[in-house]
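Structure in structure tokens, see below.
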Amino acid sequence: MSSKMIVLMSSDGQSFEVEEAVAIQSQTIAHMVEDDCVADGIPLANVESKILVKVIEYCKKYHVDEANPISEEDLNKWDEKFMDLEQSTIFELILAANYLNIKSLFDLTCQTVADMIKGKTPEEIRSTFNIENDFTPEEEEAVRKENQWAFE
Amino acid sequence: MDAPNPKRPCLVPLGTSSIENPCSLPIAPDFNQSNIDLTISSFLSLSDLPLFSLPLSIGCSFDRVLDNVIPSIAGTSRDEFDQDRFLDRTLQLSSLLYKSTKRCIRKRATLQNSTSWPLLPELTIKVFSMLDTKSLMQASACCTMFNKCAMDRVCYSHIDLTTAAEDVDNGVVCVMIHRAGKELRSLKLGSISSSAEPTTSLLTRSCLTPLTFNHGFTGGHLRSLHLYHLRMIDCESLSPVLSACLNLTDLKIVGLISGSRDNPLEQLGLLTRNCRLIEHLFIEIYGAAGLITDSSLLEFAANCPNLISISLLGFLLNDAILQKIIKGFRRLKHINLSSSPEISGCFFRGLELCGKDSPLETLILRDCYILKESEVLLFLNSLLAGDFKYIRLIDVSNVDGLVRDGGNRTFEPRFPIEELKKQRSNVTFVAIFESQSSLSSSRFPLEELNKERPGLTFVAEFRSPSPSESDVRSPSPSSSSDSSSSSDSSSSSSSGESSDESGTEEEEDED
């Protein structure tokens with residue numbers, strides 16, 4: 001079974017050969033294929049090889065065909081394992097999914113970060129993401145007062 | 001710092017040799033900005049001198065200088081005034097230095113934050129829009145960048161106030177709706193955990209009125225509304241709100257109070273009169289009484305031609321009504337009429353004609369007290385004959401078992417499970433007849449079953465002391481997720497949420 005292959009080139013010069021059908025899950029790549037400018041491979045200046053590997057892994061998994069149907073539940077479990085990554089990698093994935101316009105990966109990565117914020121106090125959120133408090137005391141007081149109900 | 005006022009007595013630069021040569025009079029050197037900056041940076045670099053590694057020694061130096069300068073201003077009584085002014089300005093200077101340093105610290109913190117959190121505002125807002133509203137507020141108090149992003153309208157498009165149910169009052173709802181403005185898409189209020197007496201809720205009947213402001217500006221953008229156990233929410237208070245929500249596609253009300261006069265279906269018609277686009281409807285009503293008449297059903301069916309899923313719990317619907325519902329709503333895929341004490345199952349009979357092409361995918365009739373085994377059997381046989389080819393989930397669980405011909409109740413109904421598995425392998429049939437008291441009984445290995453027949457899940461637990469092996473299988477966690485994968489909404493997942501005696505099934509499902 002011959003499937004058309006595309007070459008994706010990461011920002012640090014590595015090349016990855018991927019089936020076209022898998023790669024066009026990225027709307028960005030799909031448009032390029034339509035415009036027929038993929039002959040020499042597609043340079044992805046904003047995506048490092050380390051991240052591109054993960055993106056390709058995701059796209060391969062989500063390239064569902066009738067021969068290998070996967071239940072939604074299995075996919076969810078796989079998603080969880082897939083997203084068990086370092087924080088910096090997760091952020092890089094968000095940026096990559098945004099740049100490559102892969103909606104499901106983008107939603108998954110954003111949801112993962114959102115889940116890291118849910119249910120935490122500001123101090124906990126700061127500590128999770130290594131963020132510093134740059135409010136003046138008055139500003140902070142005002143913010144808390146404005147939404148007092150959430151800080152009971 | 002401000003331009004020097006020539007009339008102000010100028011201070012001796014502290015970084016110079018004032019220690020060795022205390023001047024008798026303050027000098028006014030040629031001031032320009034770079035001189036000032038130089039002076040300040042020399043002063044600040046004092047702390048680098050090893051001589052001054054101890055704060056105590058700098059403190060002593062300050063004392064020494066001040067003590068020297070004061071006497072040099074001393075003299076006549078006019079000079080006391082000058083002394084006071086000098087000391088005040090010294091204080092002011094130190095306060096200004098303090099504030100400036102704090103500002104610098106904050107600027108550095110902001111810069112540091114943009115490294116730790118590499119997402120631009122647009123992406124940050126997208127992440128924030130996935131948070132429940134309370135978490136969003138917590139995030140907004142973290143740093144200035146988060147605060148700015150958290151004020152964007154898009155963050156409030158899906159307002160979820162169920163996580164802070166005890167602290168939310170009408171004012172909060174109003175503010176959140178206002179912040180969402182034209183981005184408002186969904187609203188969830190109340191406390192999800194079912195409590196018969198939601199006395200702690202601060203919300204009143206008029207909490208949703210902001211949706212009607214400005215000719216229903218925000219209400220018109222709303223697509224989904226979920227209300228959980230709000231006090232005193234009845235049709236009368238909800239009608240005006242829902243008439244503003246013309247684009248509503250998903251409505252869920254758990255704990256609707258029934259007005260005792262009108263029959264529930266009529267109330268339903270009233271509620272949905274203006275929501276012509278509604279696709280998913282879930283209503284659990286408390287205290288329903290009154291006769292159901294056909295006319296109210298006609299109005300309801302006419303109002304909502306796009307209905308895809310319907311769950312009416314606590315409505316006193318009977319078989320005739322159910323039949324009309326299935327026939328009347330052409331696009332209906334998911335039905336949940338659990339806890340309907342008037343449904344015996346004979347509605348199945350009238351469905352032969354439309355059975356072949358019926359788009360029905362889910363049918364849940366849990367805890368319908370008079371549901372008959374024979375009627376369910378009829379239905380299953382019609383499935384085997386090829387009717388209802390889209391159906392994926394059937395649930396007839398009942399704590400009290402099914403009614404057998406002759407009036408007895410059975411906990412071991414005789415259903416053609418094997419044939420069903422063979423012919424309709426993608427159907428999930430749930431029939432749990434176990435009461436909560438016998439939770440600990442049979443747990444079976446589900447991995448085997450799932451491996452063999454990934455499409456089919458059959459769940460049937462029986463309470464009788466000697467379970468018959470042929471009919472006993474293991475519950476599967478996918479039994480309810482199967483259906484929720486086929487429908488966006490709540491028709492079957494809601495049965496877990498709302499029915500009170502769902503303790504058993506929940507545990508099985510989580511296996």
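Residue numbers begin at 1 in each chain, while the letters A, B, ... track the order of the sequences.
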Interface check, chain A: of B:V168, B:D169, B:N147, B:I105, most non-hydrogen pairs under 4.5 Å belong to B:N147
Q) Do B:K107 and A:E132 meet the salt-bridge criterion of a basic N to acidic O distance under 4.0 Å? A)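 Looking at B:K107 together with A:E132, the answer is no, because their closest N to O distance does not fall below 4.0 Å.
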Turns out that what part of A:T112 lies under 4.5 Å from chain B's heavy atoms comes down to neither
Chain A contact via B:A139 - which portion, at a heavy-atom distance below 4.5 Å:
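Both parts, backbone and side chain.
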Backbone N or O of A:F135 within a donor-acceptor pair of the B:T144 side chain at under 3.5 Å?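 Flag not set: sc B:T144 to bb A:F135 has no pair under 3.5 Å.
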Tell me the closest heavy-atom pair linking B:Q138 and A:P122, and the distance in Å.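 Closest heavy-atom pair between B:Q138 and A:P122: OE1-CD, 2.8 Å.
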**Q.** From A:L95 atom CG to B:L123 atom CG, the distance as rounded to the nearest 0.5 Å
**A.**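 Output value for this atom pair is 6.0 Å.
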| Hey, are the side chains of A:V143 and B:F146 touching, using non-hydrogen atoms and a 4.5 Å cut-off? | no
* To do: Kindly compute the distance separating CG (B:D167) from CZ (A:F151), expressed to the nearest 0.5 Å.
  =>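 That separation rounds to 11.5 Å.
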| Is chain A contacted by the side chain of B:L161, its backbone, both, or neither, given a heavy-atom distance below 4.5 Å? |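 Interface part for B:L161: side chain.
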**Request:** Can you measure from OG1 (B:T110) to CD1 (A:I131) and round to the nearest 0.5 angstrom?
**Result:**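 Interatomic distance, B:T110 OG1 to A:I131 CD1, rounded to 0.5 Å: 11.0 Å.
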The interface call for A:D107 against chain B, heavy-atom contacts under 4.5 Å, is both
- Message: Within a 6.0 Å radius of atom CD on A:Q111, are there more than 12 heavy atoms belonging to other residues, nucleotides or ligands?
- Response: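 Yes, because the 6.0 Å sphere around CD of A:Q111 holds more than 12 heavy atoms from other groups.
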>> Out of B:A141, B:S129, B:A109, return the one with the most heavy atom pairs under 4.5 angstrom to chain A.
In response: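 Result: the option with the highest number of such pairs is B:A141.
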Q.
Within a 6.0 Å radius of atom CD on A:E152, are there more than 12 heavy atoms belonging to other residues, nucleotides or ligands?
A. yes
**Prompt:** What heavy-atom pair brings B:S116 and A:F91 nearest, and what distance separates the two atoms?
**Reply:**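 Reported closest heavy-atom pair: O-CE1, 4.0 Å.
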Most contact-rich option vs chain B, by heavy-atom pairs under 4.5 angstrom, among A:A114, A:G119, A:S88, is A:A114
Going from CG on B:L120 to CG on A:N98, what distance comes out if it is rounded to the nearest 0.5 angstrom?
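Between B:L120 CG and A:N98 CG, I get 9.0 Å after rounding to 0.5 Å.
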When rounded to the nearest 0.5 Å, the distance separating SG of B:C142 from CD1 of A:I117 is 7.5 Å
Counting heavy atoms not belonging to A:Q27, are there more than 12 under 6.0 Å from its CD?
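Yes, the 6.0 Å shell around CD holds more than 12 heavy atoms from other groups.
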Would you mind reporting whether A:V113 and B:K126 have side-chain heavy atoms less than 4.5 Å apart? no
ask   = Is there a salt bridge (charged side-chain N to carboxylate O under 4.0 Å, His left out) between A:E140 and B:R106 once you walk through the steps?
value = CA-CA 13 Å; A:E140 190 172 358; B:R106 281 195 295 271; over 6 Å; no
Cut-off 4.5 Å, heavy atoms of chain A, and the answer for B:T163 is neither
Which atoms of A:K120 approach chain B - backbone, side chain, both or neither, heavy atom under 4.5 Å: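 Contact with chain B is through the backbone of A:K120 alone.
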Minimal heavy-atom distance between B:L131 and A:K118, with the atoms involved, is CD2-CG, 3.8 Å
### Message
With side-chain contact (heavy atoms from CB on, under 4.5 Å) as the criterion, how do A:N130 and B:W117 come out once you've worked through the C-alpha distance, each side chain's angles and the decisive distance to 0.1 Å?
### Response
CA-CA 8 Å; A:N130 198 17; B:W117 181 273; over 6 Å; no
Taken to the nearest 0.5 Å, the spacing of A:F129 CZ from B:C143 SG works out to 11.0 Å
